[in-house]
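Here the structure comes first, spelled out in structure tokens, and everything after it is commentary.
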Amino acid sequence: MNNNNMELKYLKSLAVTYPTAAAASTEIINLHAIMNLPKGTEHFITDVHGEYEQVLHTLRTGSGAIKEKIDDVFGNTLRNIDKKRLAALIYYPDNKMKDVLEAYADDPVNLEDWYRITLNRLIMLAKECAQKYTRSKLRKCLPTEYAYILEELLSENNRVQAKQAYYNDIFDTIIRIGRAQSFIVALCDLIQRLVVDHLHIIGDIFDRGPGAHIILDHLMEHHNVDIQWGNHDVVWMGAASGHDACIANVIRLSARYNNLATLEEGYGINLIPLARFAMDTYGDDPCERFDVHAKPDEQEKDELKLNMMMHKAIAVIQFKLEGQLIKRRPEFNMDKRNLLHKINYETGIITIDGKEYTLRDSNFPTIDPADPYALSEEEAVLMKRLQKAFMKCEKLQKHIRFIFSHGSLYLCYNNNLLFHGCVPLNEDGSFREVKIGDKTYYGKELYDVLEFYARKGYHSGDDKELSQYGKDIMWYIWTNENSPVYGKDKMATFERYFIDDKQLQKEKKDNYYQLIENEEVVDRILEEFDMDTKTAHIINGHMPVELKKGESPIRCKGRVLIIDGGFSKAYQSKTGIAGYTLIYNSRGLRLVSHEAFTNMEDIIKRGVDIHSSTAMVVNNANRILVGDTDMGKIIKDKIADLELLLKAYYSGRIKEQR
């Protein structure tokens with residue numbers, strides 16, 4: 001089929017949607033108009049680590065975007081306290097409404113006045129937020145039960161003085177029939193929806209904090225979100241696929257951060273078999289090296305002791321399973337991470353690189369010195385039960401499928417390169433070549449091949465060997481020094497538990513983190529991912545930025561942004577803040593630093609919000625329009641196709657369907 005025939009076939013297909021010249025013309029006009037709208041606001045957040053209260057509050061506020069809109073609309077016409085109350089209402093409408101109803105319980109007249117004032121303010125704010133949207137897109141955002149009324153109220157026509165009585169009557173009717181509370185909640189939710197058009201989660205949803213499952217439930221309801229996988233996400237993805245070493249890592253981290261409730265209550269995974277095994281095996285062991293983080297004051301000693309026993313039990317199993325995997329995959333080049341066979345189990349001494357170290361804990365009742373990486377019979381039975389529990393957990397599988405369908409290892413979007421960790425580099429700034437299977441890869445291809453195998457590992461097909469390799473690759477992504485999502489020379493888990501030597505416990509960062517101040521290196525990375533080196537940015541997380549030590553998230557003159565600032569409470573003592581986020585709107589790119597979330601009560605009753613500081617990274621002289629974005633490129637291509645269809649109608653090559 002020649003090119004002319006192929007073009008005609010395509011245009012006939014397009015004509016099904018646009019059957020007349022008028023229809024094609026109307027769409028061309030519509031698309032041109034869309035291209036001249038300001039671009040939608042993008043919100044970037046990373047390393048949330050299960051801290052659902054802080055994260056959900058940040059998402060509700062749009063990292064300060066809602067407060068900014070309130071200032072834009074009301075300026076000096078509202079007192080600061082009224083602005084704070086309005087913001088709190090938008091963040092938490094259901095909770096704030098309860099507070100309002102209690103305050104006006106004996107004063108229905110003033111309650112009606114509050115309704116009218118609040119409805120007017122919310123409509124004004126919603127109009128401002130809706131300016132970036134076409135009528136068609138706005139219509140899709142509206143809550144079904146109030147869609148017609150809201151479309152009327154948000155129409156530009158209601159600026160006409162003659163229609164003011166019409167709109168006032170709408171408010172009066174809403175109040176009179178008892179729908180004011182519901183309508184206000186719907187309006188607040190709409191404003192939250194309109195303020196941020198696109199959400200980017202740049203990895204590490206899981207581990208440390210107590211609510212990864214809560215965050216994922218929220219993300220699954222978000223209108224427009226993508227996820228760049230972090231190493232903590234990938235190990236959970238591997239666990240959900242049934243990979244035993246990944247399962248052991250997930251449980252060990254949950255135990256270490258005193259967060260087994262996420263598995264037991266959040267996902268309904270039965271850990272009683274592990275608890276029984278741990279009590280039987282380590283009941284007389286103080287397990288001092290397996291203390292847990294984030295201990296609440298009210299936690300009972302018996303519960304804490306059990307967590308420590310479970311912690312040690314799964315850690316020993318993990319070291320065994322990883323040892324088996326390292327032997328099975330010599331191409332992973334991780335022999336140095338196998339340490340169990342280097343222990344003298346009679347003396348409690350381990351020999352590493354010719355030097356002897358006394359272990360801080362040498363009680364290993366399940367390890368056979370003749371075959372230290374073999375699971376005991378009880379451990380093998382336990383792992384089979386845990387594997388089945390992970391694979392049969394409906395909620396976990398739903399969340400992991402969502403992460404696969406809405407995620408990837410990296411993303412090129414609107415001239416920003418997003419990835420969680422790094423691009424593995426040699427000391428001279430060149431790309432490090434990494435062997436995967438029988439071939440070597442670097443840069444973008446390394447990301448691509450690792451993602452390919454990860455998907456094969458989870459979506460098991462008929463090729464069992466490929467599926468198993470994919471599962472092993474997910475563990476590799478979690479922990480290998482050449483993994484772009486891990487980015488350290490080793491994961492020194494064993495050394496941190498058992499060996500009192502800071503040098504051995506040290507995990508050296510990839511060269512990437514030392515070289516990203518070098519503009520030539522940054523250009524090389526951007527070129528590798530087909531990005532515009534003059535205007536593009538790299539945005540990643542993974543390595544907490546320690547503000548206390550003078551570190552900055554803004555690197556290489558603002559071309560690289562590392563925005564892990566400590567959403568996880570476990571990091572906040574080091575970072576000195578409670579997270580960075582980015583806002584990218586039509587006016588530019590802004591970095592926002594956050595203080596720790598206190599509680600909802602402070603926000604609702606006292607108007608105390610998280611203090612956030614904003615620094616402008618890029619300030620555009622002219623507003624960025626939809627036509628300047630990736631979507632703009634798609635629209636331009638569609639306009640070109642429609643103009644060809646229009647010519648075909650005019651020339652008679654294609655007949656209009658009237």
Side-chain angles (χ1 to χ4, degrees), residues 1-42 127 129-142 144 147-148 150-152 154-157 190 193-194 196-200 222-226 405-406 408 411-418 529-532 534-536 584-587 620 622-658:
M1 185 181 289
N2 61 38
N3 289 339
N4 286 335
N5 288 336
M6 287 181 66
E7 180 185 277
L8 184 60
K9 184 177 180 181
Y10 170 68
L11 291 177
K12 284 182 176 178
S13 175
L14 192 61
V16 174
T17 306
Y18 306 99
T20 65
S25 300
T26 300
E27 184 63 3
I28 289 170
I29 295 167
N30 178 50
L31 292 174
H32 270 290
I34 291 172
M35 292 231 296
N36 286 287
L37 287 171
K39 78 172 283 296
T41 298
E42 297 172 58
K127 280 184 187 177
C129 297
Q131 285 185 2
K132 294 183 179 182
Y133 298 91
T134 63
R135 289 286 292 272
S136 174
K137 186 170 181 178
L138 177 61
R139 195 174 293 122
K140 294 174 184 176
C141 301
L142 300 178
T144 306
Y148 174 77
L150 281 170
E151 191 169 354
E152 281 287 293
L154 297 177
S155 168
E156 288 299 308
N157 291 335
L190 176 64
R193 161 69 179 80
L194 294 176
V196 171
D197 186 54
H198 196 130
L199 174 63
H200 305 284
H222 198 278
H223 55 276
N224 194 4
V225 62
D226 56 63
S405 65
H406 286 69
S408 54
L411 179 67
C412 301
Y413 192 88
N414 285 346
N415 215 24
N416 290 314
L417 172 58
L418 282 56
F529 286 85
D530 300 318
M531 304 293 286
D532 183 349
K534 293 180 180 178
T535 56
Y584 183 30
N585 59 24
S586 60
R587 291 186 173 87
N620 298 304
N622 299 311
R623 297 187 78 174
I624 305 170
L625 305 179
V626 171
D628 303 316
T629 67
D630 292 348
M631 181 54 68
K633 296 174 186 176
I634 295 171
I635 292 174
K636 288 172 187 175
D637 288 341
K638 188 172 182 181
I639 290 173
D641 292 342
L642 286 166
E643 289 180 346
L644 287 175
L645 176 61
L646 205 55
K647 288 179 181 178
Y649 281 141
Y650 292 157
S651 68
R653 286 178 72 197
I654 297 176
K655 301 297 182 184
E656 294 183 66
Q657 303 297 315
R658 296 185 181 278

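We're numbering straight along the sequence, starting at 1.
Counting non-hydrogen atoms of neighbouring residues, nucleotides and ligands closer than 6.0 angstrom, the CG atom of Asn622 reaches no more than 12 such neighbours. More than 12 heavy atoms of other shown residues, nucleotides or ligands fall within 6.0 angstrom of atom CE in Met35.
Ala23 and Tyr18 make their closest contact through O-CD2, 3.9 Å (heavy atoms, listed as atom of the first residue, atom of the second, distance). Heavy-atom minimum distance, Ile654 versus Tyr649: O-CD2, 3.4 Å. What you find for Ala536 and Met531 is that their closest heavy atoms are CB-CB, 3.9 Å. Contact record, Leu194 with Cys129: CB-CB, 3.8 Å, taken as the closest heavy-atom pair. Shortest non-hydrogen contact noted between Val626 and Ile34 is CB-O, 3.4 Å. Ser651 approaches Ala648 most closely through the heavy-atom pair OG-O, 3.2 Å.
Side-chain contact check for Leu644 versus Leu14: every heavy-atom pair is 4.5 Å or farther apart. When side chains are defined from C-beta on, Arg653 does not count as touching Lys647, because their heavy atoms never get closer than 4.5 Å.
Interatomic distance, CG of Asn224 versus NE2 of His200, reported as 8.0 Å (0.5 Å rounding). In this structure, Leu645 CG and Glu7 CD are separated by 10.5 Å, a value rounded to the nearest 0.5 Å. A distance of 11.5 Å separates CG in Leu150 from SG in Cys141, rounded to the nearest 0.5 Å. The distance from the CD atom of Glu643 to the NZ atom of Lys638 is 13.0 Å, given to the nearest 0.5 Å. Here the straight-line distance linking atom CG of Asn30 with atom OG1 of Thr134 works out to 6.5 Å at 0.5 Å rounding. Between Leu199 atom CG and Asp226 atom CG the span is 7.5 Å, to the nearest 0.5 Å.
Because its NZ or CZ atom is both nearer than 6.0 Å to the ring centre of Tyr584 and within 45° of the ring axis, Lys39 counts as a cation-pi partner of that residue.
Listed for the Asp637 side chain is no donor-acceptor partner under 3.5 Å among the backbone atoms of Ile634. One N or O on the side chain of Glu656 and one on the backbone of Ala21 form a donor-acceptor pair closer than 3.5 Å.
Applying side chain to side chain contact (heavy atoms under 4.5 Å, CB included) to Glu42 and the options Asp197, Thr629, Asn414, Asn585 leaves one that passes, Asn414.
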**Request:** Run the numbers on Leu154 and Lys127 for side-chain contact (heavy atoms from CB on, under 4.5 Å), then give the verdict.
**Result:** CA-CA 6 Å; Leu154 297 177; Lys127 280 184 187 177; 3.9 Å; yes
